[in-house]
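To keep things clear, I will list the structure first and then write my remarks on it.
Chain identifiers are assigned alphabetically (A, B, ...) following the order of the sequence lines, protein sequences preceding nucleic acid strands; residue numbering begins at 1 within each chain. Since this is a predicted model, take the numbers as computed values, not measurements.
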There are 2 protein chains.
Amino acid sequence: MSPAEEAGLALDQQVCFKLYAASRAVIRGYKPMLDALGLTYPQYLAMMVLWEWQASDPGQPTVKALGQRLMLDSGTLTPLLKRLEQLGLVRRQRAVRDEREVHLGLTEAGLALRGQVPPVQQRLHCMADVDAGELIELRERLDRLLHLLDR
Amino acid sequence: MSPAEEAGLALDQQVCFKLYAASRAVIRGYKPMLDALGLTYPQYLAMMVLWEWQASDPGQPTVKALGQRLMLDSGTLTPLLKRLEQLGLVRRQRAVRDEREVHLGLTEAGLALRGQVPPVQQRLHCMADVDAGELIELRERLDRLLHLLDR
DNA sequence: ATCAATTGAATTGCACACAATTTATCTTGA
DNA sequence: TCAAGATAAATTGTGTGCAATTCAATTGAT
């Protein structure tokens with residue numbers, strides 16, 4: 001490595017570490033709200049997708065579809081979804097047409113939980129302090145990075 | 001929640017999810033290099049701190065100091081450091097002066113491993129494709145977000 | 001039609017993260 | 001000085017992430 005690189009942490013390392021640290025910090029920030037809902041952050045993300053799906057798409061998503069959305073595989077999702085099922089929020093059922101697939105649906109309680117999610121201002125308190133333009137910029141930069149990394 | 005927010009995922013949710021997804025994507029990107037080194041990403045971060053410490057600071061960092069640097073607690077670090085010790089890369093020793101502290105040092109192999117880390121271009125291949133200015137911008141935005149979240 | 005290849009979930013095993021508790025040690029103040 | 005509080009690691013328990021494997025169901029090429 002060049003001496004210039006090795007003087008300290010190189011730029012890529014700094015960005016990667018800060019990404020990792022910021023991701024965990026955000027999840028910590030959501031914790032109080034999520035505790036009130038009785039969900040973990042990944043479980044909350046799964047519920048978000050199911051709430052959205054309910055509203056827009058016809059039919060129910062499969063584990064695979066959810067996995068593509070969240071970029072998580074069945075090794076992570078299967079136990080997570082079983083916990084949501086245990087909580088009485090989600091229904092998992094094998095498709096009749098193709099018995100390899102498992103379709104995901106919301107129970108009454110799962111649907112009702114959506115109403116318990118507080119408005120943005122109370123979700124990640126400090127996010128409200130961040131300028132909206134700044135957030136949009138950050139989102140776009142993350143998008144470009146994600147796009148590059150997915151190859 | 002307002003209808004405008006609920007039309008889709010609100011901005012904060014998008015940013016938080018993308019942060020979470022990008023962090024995991026970056027770690028995936030590092031995987032081939034880390035497999036060659038025989039390290040996981042968090043283990044690599046710990047080694048980076050120890051390599052840097054060696055070069056700049058006098059004395060050895062404690063588990064606490066490492067934890068503050070990486071924003072990780074002993075519940076995560078103790079088993080991770082024991083694995084690095086098993087690999088023969090790190091030495092853990094109770095301080096004589098204060099027996100509550102555990103000081104961390106590098107073994108010969110631990111020091112030598114630094115030479116095995118490939119240059120930036122081969123670390124996260126696609127990072128080289130990203131404009132340096134873009135990376136600096138991203139780092140600064142993550143810094144500001146981290147600063148806001150740490151309160 | 002059939003069998004090899006593919007696919008979707010589930011399972012297994014390992015390594016984080018982190019809250020909560022425990023243990024040992026140190027510090028401090030009456 | 002010595003008991004109360006603070007501190008540093010370790011431990012315990014739960015829930016991810018993800019690679020690798022397994023298993024059942026489906027598809028496709030001959």
Side-chain angles (χ1 to χ4, degrees), chain A residues 17 20-32 34-35 37-47 60-87 90 92-104 149, chain B residues 17 19-32 34-35 37-47 60-87 90 92-104:
Chain A
F17 170 67
Y20 163 77
S23 172
R24 286 183 297 123
V26 158
I27 292 172
R28 262 197 303 282
Y30 269 121
K31 187 112 203 311
L34 293 176
D35 283 348
L37 293 178
L39 297 176
T40 64
Y41 185 68
Q43 288 168 3
Y44 174 61
L45 290 178
M47 292 301 291
Q60 298 181 325
T62 61
V63 172
K64 179 183 173 62
L66 180 62
Q68 285 172 339
R69 200 76 182 325
L70 300 180
M71 303 200 250
L72 291 170
D73 71 5
S74 68
T76 299
L77 289 178
T78 297
L80 184 154
L81 290 167
K82 283 185 178 174
R83 278 176 213 116
L84 290 179
E85 193 178 38
Q86 283 300 307
L87 290 172
V90 162
R92 295 158 63 245
Q93 43 198 351
R94 289 272 162 195
V96 185
R97 182 211 194 82
D98 184 341
E99 287 187 35
R100 291 171 304 179
E101 298 179 345
V102 169
H103 287 260
L104 304 170
L149 285 162
Chain B
F17 171 67
L19 218 41
Y20 164 78
S23 173
R24 287 184 294 123
V26 158
I27 292 172
R28 261 197 304 281
Y30 269 123
K31 187 117 201 311
L34 292 176
D35 282 349
L37 294 178
L39 297 176
T40 65
Y41 185 67
Q43 288 169 4
Y44 175 62
L45 291 179
M47 292 301 291
Q60 298 181 326
T62 61
V63 173
K64 180 183 172 62
L66 179 63
Q68 284 172 339
R69 200 75 182 326
L70 300 180
M71 302 200 252
L72 291 170
D73 70 6
S74 69
T76 301
L77 289 178
T78 296
L80 183 155
L81 291 167
K82 283 183 178 174
R83 278 174 215 117
L84 290 179
E85 192 178 37
Q86 283 298 307
L87 291 173
V90 161
R92 295 158 64 242
Q93 42 198 351
R94 288 276 162 190
V96 185
R97 181 213 195 80
D98 184 341
E99 287 186 36
R100 290 171 304 180
E101 297 179 344
V102 169
H103 287 259
L104 304 170

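For the pair A/D35 CG and C/dA20 C1', the computed distance is 13 Å after rounding to whole Å. Rounded to whole angstrom, the span from the CG atom of A/L34 across to the P atom of C/dA19 amounts to 13 Å. Counting to the nearest Å, the C1' atom of D/dT7 and the CZ atom of B/R97 are 15 Å from each other. Across the protein-nucleic acid pair, B/R24 atom CZ and D/dG15 atom P stand 19 Å apart, rounded to whole Å. We find that CZ of A/R100 is positioned 4 Å from C1' of D/dT26, with the value rounded to whole Å. Distance CD (B/E101) to C1' (C/dT27): 13 Å, rounded to an integer number of Å. The nearest whole Å value for the distance from the CG atom in A/L45 to the P atom in D/dG17 is 9 Å. For A/Q43 and D/dG15, the CD to C1' distance is 8 Å, given to the nearest whole Å.
Contact annotation: A/T78 reaches the phosphate of C/dA10 (side-chain N/O to OP1 or OP2, under 4.0 Å). For A/K82, a side-chain nitrogen or oxygen approaches OP1 or OP2 of C/dT11 to under 4.0 Å. Contact annotation: B/R94 side-chain N/O to D/dA10 OP1/OP2 distance is under 4.0 Å. One finds a side-chain N or O of B/R92 lying less than 4.0 angstrom from the OP1 or OP2 phosphate oxygen of D/dA10. The phosphate of D/dA9 (OP1 or OP2) has a side-chain N or O of B/T62 nearer than 4.0 angstrom. Proximity of B/T40 to the phosphate of C/dC16: a side-chain N or O atom is located under 4.0 Å from OP1 or OP2. Between D/dG17 and B/Y20, a contact under 4.0 Å exists linking OP1 or OP2 to a side-chain N or O. Taking side-chain N and O atoms only, A/K64 has no distance below 4.0 Å to OP1 or OP2 of C/dT6.
Among the protein residues, B/L77 comes within range of no part of the nucleic acid, since none of its heavy atoms lies under 4.0 Å from any strand. In this structure, B/I27 reaches neither bases nor backbone, as no heavy-atom distance under 4.0 Å exists between it and the strands shown. When heavy atoms are screened at a 4.0 angstrom cut-off, A/R83 is found touching base atoms of the nucleic acid.
From B/L37, atom CG reaches atom CD of B/Q43 across 10.5 Å, with rounding to the nearest 0.5 Å. Taking OH of B/Y30 as the reference point, atom CG of B/L45 lies at 8.5 Å (rounded to 0.5 Å).
Nearer the 5' end of DNA chain D, as judged by each residue's closest nucleotide, is the contact made by A/P79, out of B/K31 and A/P79. Residue whose closest nucleotide on DNA chain C sits further toward the 5' end, between A/A65 and B/M71: A/A65.
With contacts defined as side-chain heavy-atom distances shorter than 4.5 Å, the pair A/T40/A/L34 does not qualify.
The nearest pair of heavy atoms linking B/P42 to B/L80 is CB-CD1, 3.6 Å. In plain terms, the two heavy atoms of A/Q60 and A/L104 that are nearest each other are CB-O, 3.3 Å. Of all non-hydrogen atoms in B/R94 and B/R100, the two that sit nearest each other are NH1-O, 2.9 Å.
Among C/dA17, D/dA9, D/dC18, the nucleotide with an atom closest to any side-chain atom of B/V102 is D/dA9. In the set C/dA9, D/dG15, C/dC18, the nucleotide with an atom closest to the side chain of B/L72 is C/dC18.
A donor N or O paired with an acceptor N or O is found under 3.5 Å between the base of D/dA10 and the side-chain atoms of B/S74.
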